[in-house]
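Heads up, the thing below is written out as structure tokens.
Atom set for the values below is all heavy atoms of this structure, side chains included, hydrogens, waters and symmetry mates excluded.
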Amino acid sequence: MARSEAQKAADKRYRETHKSDLIKWATWLKPAEAEEIDAAIKASGKNKAEFLRWAVGELKKQNENK
């Protein structure tokens with residue numbers, strides 16, 4: 001279903017208001033690596049952002065135990 005012009009305008013206003021709330025963070029991977037990582041993340045039941053937050057938490061735990 002296509003978004004109306006009013007909805008598109010509201011989306012734009014929302015993005016402008018909240019543009020500093022989030023940033024896009026990306027990296028380059030080989031296709032096989034990306035497929036393997038995507039499959040592991042999907043199997044975990046998390047989305048990519050949730051998985052990344054979890055992984056950072058695990059690294060912090062490991063560093064605290066050194």
Side-chain angles (χ1 to χ4, degrees):
M1 177 176 267
R3 299 198 42 90
S4 71
E5 291 304 314
Q7 289 170 320
K8 290 177 186 177
D11 290 345
K12 183 177 179 182
R13 284 191 307 276
Y14 180 87
R15 282 192 308 273
E16 287 298 315
T17 302
H18 297 281
K19 66 182 173 185
S20 63
D21 293 349
L22 301 170
I23 62 165
K24 185 173 182 174
W25 192 76
T27 190
W28 290 96
L29 298 169
K30 294 179 180 178
E33 288 176 310
E35 289 173 17
E36 182 179 6
I37 292 168
D38 283 342
I41 292 170
K42 185 176 182 178
S44 76
K46 295 174 175 50
N47 64 36
K48 290 177 185 179
E50 291 168 332
F51 180 80
L52 183 59
R53 290 180 189 111
W54 171 83
V56 168
E58 292 299 308
L59 284 173
K60 287 180 178 180
K61 288 178 192 174
Q62 286 179 9
N63 289 334
E64 290 171 359
N65 294 328
K66 286 186 179 183

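Taken to the nearest 0.5 Å, the CD atom of E33 stands 13.5 Å off from the CH2 atom of W28. With values rounded to the nearest 0.5 angstrom, K61 atom NZ is found 9.0 Å from E64 atom CD.
Across all their heavy atoms, R3 and K8 have their closest contact at O-CE, 3.4 Å.
Both I41 and W54 belong to a common hydrophobic cluster when Ile, Leu, Val, Met, Phe, Trp and Tyr are linked at side-chain heavy-atom distances under 4.5 angstrom.
Using a cutoff of 4.0 Å between basic side-chain nitrogens and carboxylate oxygens, R53 and E50 are not scored as salt-bridged. Ion pair K19/E16 flagged as a salt bridge, since at least one NZ, NE, NH1 or NH2 atom sits closer than 4.0 Å to an Asp/Glu carboxylate oxygen.
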